Each structure stands twice: as structure tokens, then as C-alpha cells.
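Each chain gets a letter, A, B and so on, in the order its sequence line appears, and its residues count up from 1. A quick note: this is a predicted structure, and the numbers were derived from the prediction, not measured.
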Number of protein chains: 2
Amino acid sequence: MTTGHLEHQIRSRLAAGGVRFTDGRRRVVAALAEADGPRSAAELHAALGTSIPLSSLYRSLSVMADAGALAHHHGSKGVTRYELAEWLTGHHHHLVCVDCGTVDDIELSEDLETTLQNVVKRVAKSAGFAADGHTLEIDGLCTDCQ
Amino acid sequence: MTTGHLEHQIRSRLAAGGVRFTDGRRRVVAALAEADGPRSAAELHAALGTSIPLSSLYRSLSVMADAGALAHHHGSKGVTRYELAEWLTGHHHHLVCVDCGTVDDIELSEDLETTLQNVVKRVAKSAGFAADGHTLEIDGLCTDCQ
DNA sequence: TTCCTTGCAAACGATTTGCATTGGA
DNA sequence: TCCAATGCAAATCGTTTGCAAGGAA
């Protein structure tokens, strides 16, 4: 079990904030790295064989998000799902199933992404809004729920 | 107090689903029509002078959303905000404040919107996803929270 | 008369927090 | 040694639901 590049990046980022990268957190990160989209605390709890109590999971997710290692997404039924921050995974967008709530990551072509960024910049500026990110959310039914 | 075009449209839509457009619901719709973005049950409760109990508010919002008159948006801290459906207000996107959670509506230029729609269609199809809507969410700090 | 809506109170479920204990650097 | 992390139980908080009374068609 070698310490990969991803773990190294996260460890440094967390350390900068006085946050420890414990074994449990390493396993949470691994689960998120394997996922193809954001995951909720409950989903991670199950994925990790319930080995980490929900309260610890919630605390670790929130701490790692505060440190900038994770990003969160708010879905239906008040469920928050976490994923690795974009500086770790690259910029992407979301396919959100309105039925089961699952979220899948997608990437846009480089040219549309550029166009999008220009528009975001322009629109935000004209609204006096300090934009720091954007996501195109596509709502609909995933293959399982159709 | 005349019955405007908007109320007429909503009344018909609700009626089609066996849903009544009561006085309380009319006031909720009026509050949403005046807002410049989605509003939570708590925000509406306050805006209406707490005259409508939260439970009734939640029930009305959910019933009207099911009937297709309202749409919902999921924001930080697990708060759901409602707004008039797009067939009533026109298609738009969101400026989401990561600090206070407020959401403001914005419209894109027609050409970018068209481009966006094409990409959504293409991306969804290739993922086997049945898309029925999309929103560009711009996260950042609103003028108040900067 | 039939069915929808309303209010209140109780129930829920996701998430948070207090506190004592354990563990890492 | 010192401060952060962990676990459990209790507490929060947004939202939902059961039920009896009120209202519209």
C-alpha cells in the first residue's frame, strides 16, 4: 500500500490547516477517488462496511471540505454529497437523477468550457457577484431510473 | 386585486391535477413572483408574516411542485428553496451565495443558451441519461457577503 | 356529500455537538 | 506532551405525517 500522488497532495493540503490525514480519512478519500460522482455520508458509511461511525464520517468530511480537499454538493431530500475538490480531479459538471438523487460527473469539451467560463465571468461581474466556481447541472433520469 | 395572468395559468395547472388554488397558496405564489430567486419555506413563512404555519406551507409547496407549478432548488444546509416553474418565468440560471445561501436568477444570452442546450443534449445522450432540464450554477459571494 | 386543505402536535431523518477517550507527531 | 481525532449518545433542525376540523365544489 504505497502513498500515491493523490494522497500526498491531500496530506499536504490538510497539514497546512493543522488537519491530520488519519487512516479512516485515507479510506474515505479512497472511496471518493473510486466513485464516479459525489457520495453522501450514508453512502460512504455503507461503502466502507460501516466501519466508520456516521458521526466521525460527518466530522471528517466537513473538516476535509473546510481544508479545501473536498467539495460538497446539495441534493434532493436534504442530502449532502462530497467529492474530491476540483484541483485534484479536474473541473467537471453534474448529471443529477431527479429520482434516486445519484450524481454522475461529466466533462465538457474544451471549447464549450471556455465559452462557459467567459459567460460566467461576464454575468457575475455585471451582477456584482464574486464568482469562484460554476457547475452545469443536468437534471433528469439516470439509466437505472428510466 | 384582479386575478392576473400568472394566477390564471397556475390555477388551471393546479386544477388539472385536482389541486385547489386557495387564498393561502395565492399569497405564496405572489411572494414567489416578487422574489428574484428561489425561497425556502422559512423565508416565505417570514415574508408572509408567519400567517401560514410552516407545515401548511411545506404541504402547499410540495403539492404545487408536484403539480408542475413550482420548481425546487437544493441549497446549503439541506434547505430546499422553491420558485415558479420555468414555463411561467422563462428559463434561467442561478447565482448561489456560498455564504448566506441566497440564490439569484440570471438569464443567459440567447446564443450561449442555445449552445448550452446542444451540449446538454449531446452529453446526456452519450451517457444514456434522460435529461429534462439544466441549470448553470455559479457559486460565489453575493454583494452582501463579500 | 365528497374530497381537498388547514393546523397542531408528534414523528422523522440527516447532520451536529458534548464529552470522555484514544492516538499521532 | 499536546492537540486533533474518535465514538457514543443526546441534541438540532429542516421537513414530513397523523388526525380531526373546516371549506370549496
Side-chain angles (χ1 to χ4, degrees), chain A residues 3 7-8 10-29 38-67 69-82 100-103, chain B residues 3 7 10-29 38-67 69-70 72-82 100-103:
Chain A
T3 294
E7 293 195 339
H8 178 65
I10 292 185
R11 171 182 291 283
S12 322
R13 179 73 168 224
L14 294 181
V19 174
R20 293 176 189 161
F21 194 38
T22 61
D23 224 59
R25 291 177 182 177
R26 201 177 341 263
R27 287 195 292 137
V28 169
V29 164
R39 293 289 178 263
S40 67
E43 288 161 351
L44 290 169
H45 181 65
L48 296 174
T50 77
S51 56
I52 301 178
L54 275 173
S55 64
S56 300
L57 212 32
Y58 276 114
R59 213 145 10 191
S60 287
L61 290 170
S62 133
V63 162
M64 291 195 283
D66 285 350
L70 304 183
H72 43 284
H73 173 270
H74 302 290
S76 55
K77 228 190 68 185
V79 175
T80 301
R81 275 167 235 265
Y82 292 83
C100 67
T102 300
V103 183
Chain B
T3 294
E7 292 196 340
I10 292 185
R11 171 181 293 283
S12 323
R13 178 74 168 225
L14 294 181
V19 175
R20 291 174 191 162
F21 195 37
T22 61
D23 225 58
R25 291 176 182 178
R26 194 170 296 112
R27 289 194 293 138
V28 169
V29 164
R39 293 289 178 264
S40 67
E43 287 162 350
L44 291 169
H45 182 65
L48 297 175
T50 75
S51 57
I52 301 177
L54 275 172
S55 64
S56 300
L57 210 33
Y58 276 114
R59 213 145 10 192
S60 287
L61 290 170
S62 130
V63 163
M64 291 194 284
D66 285 350
L70 303 183
H72 43 284
H73 173 269
H74 303 290
S76 54
K77 228 190 66 183
V79 175
T80 302
R81 274 166 234 267
Y82 291 83
C100 67
T102 300
V103 183

Self-check item: For B:Ile10 against B:Ala69, the heavy-atom pair lying closest together
Solution: CG2-CB, 4.3 Å
Quiz prompt | Gap between atoms NE2 and P, on B:His73 and D:dT15 respectively (whole Å) | solution = 13 Å
Quiz item: With the sugar-phosphate defined as primed atoms, P, OP1 and OP2, and the base as all remaining atoms, what B/S/- string results for nucleotides 16-25 of chain C, 5' to 3', for protein heavy atoms under 4.0 Å?
Solution: BBBB---BB-
Run the side-chain donor-acceptor check on residues 53-65 of chain A: report pairs under 3.5 Å with partners two or more places apart or on a different chain.
from: A:Ser60; atom 1: OG; to: A:Arg25; atom 2: NE; distance (Å): 3.0
from: A:Ser60; atom 1: OG; to: A:Ser56; atom 2: O; distance (Å): 3.2

Self-check item: Atom pair distance, as rounded to whole Å: CZ in B:Arg27 and P in C:dT6
Solution: 10 Å
Quiz item: For B:Arg26 and D:dA24, what is the distance between atoms CZ and P respectively, to the nearest whole Å?
Solution: 11 Å
Quiz item: Which listed nucleotide (C:dT6, C:dT15, D:dT15) is nearest to the side chain of B:Ser60?
Solution: C:dT6
Quiz item: What is the distance from CG of A:Leu61 to P of D:dT6, rounded to the nearest Å?
Solution: 11 Å
Self-check item: A:His45 NE2 to C:dA14 C1', straight-line distance once rounded to whole Å
Solution: 13 Å
Exercise. Write down the atom of B:Glu43, the atom of B:Pro38, and the distance for their closest heavy-atom approach.
Key: OE1-O, 4.2 Å
Quiz item: Roughly, in whole Å, what's the span from NZ in A:Lys77 to C1' in C:dG13?
Solution: 7 Å
Self-check item: Proximal nucleotide (of D:dT6, C:dA14, D:dG7) relative to the A:Ile52 side chain
Solution: D:dG7
Practice problem: Pick base, sugar-phosphate or nothing for B:Ser40, based on heavy-atom distances below 4.0 Å to the nucleic acid. | Solution: nothing
Taking only distance into account, with no hydrogens and no angle test, what donor-acceptor pairs under 3.5 Å do side-chain atoms of residues 72-80 of chain B form with protein atoms, sequence neighbours excluded?
from: B:His73; atom 1: NE2; to: B:Glu137; atom 2: OE1; distance (Å): 3.3
from: B:His73; atom 1: NE2; to: B:Glu137; atom 2: OE2; distance (Å): 2.9
from: B:His74; atom 1: ND1; to: B:Thr80; atom 2: OG1; distance (Å): 3.4

Exercise. Take B:Arg26 and B:Val29 through the side-chain contact (heavy atoms from CB on, under 4.5 Å) test and state the conclusion after the steps.
Key: CA-CA 5 Å; B:Arg26 194 170 296 112; B:Val29 164; 5.7 Å; no
Quiz item: Quick one: A:Leu14 CG to D:dC3 C1', roughly how many Å, whole number?
Solution: 16 Å
Quiz item: Of the nucleotides C:dT5, D:dA5, C:dG7, which has the atom closest to the B:Arg25 side chain?
Solution: C:dT5
Quiz item: If you look at every strand shown and take non-hydrogen atoms under 4.0 Å, does A:Gly18 touch a base, only sugar-phosphate, or nothing?
Solution: sugar-phosphate
Exercise. Check every strand shown and say whether A:Val19 touches a base, only sugar-phosphate, or nothing at a heavy-atom separation below 4.0 Å.
Key: sugar-phosphate
Quiz item: Where is the tightest heavy-atom contact between A:Arg81 and A:Cys100, given as atom of each residue plus distance?
Solution: NH2-O, 4.4 Å
Practice problem: First locate atom CG of B:Leu14, then atom CZ of B:Phe21, and finally report the distance between them rounded to the nearest 0.5 Å. | Solution: 6.5 Å
Exercise. Can you tell me the distance, in whole Å, between the CG atom of A:Leu44 and the P atom of C:dA14?
Key: 14 Å
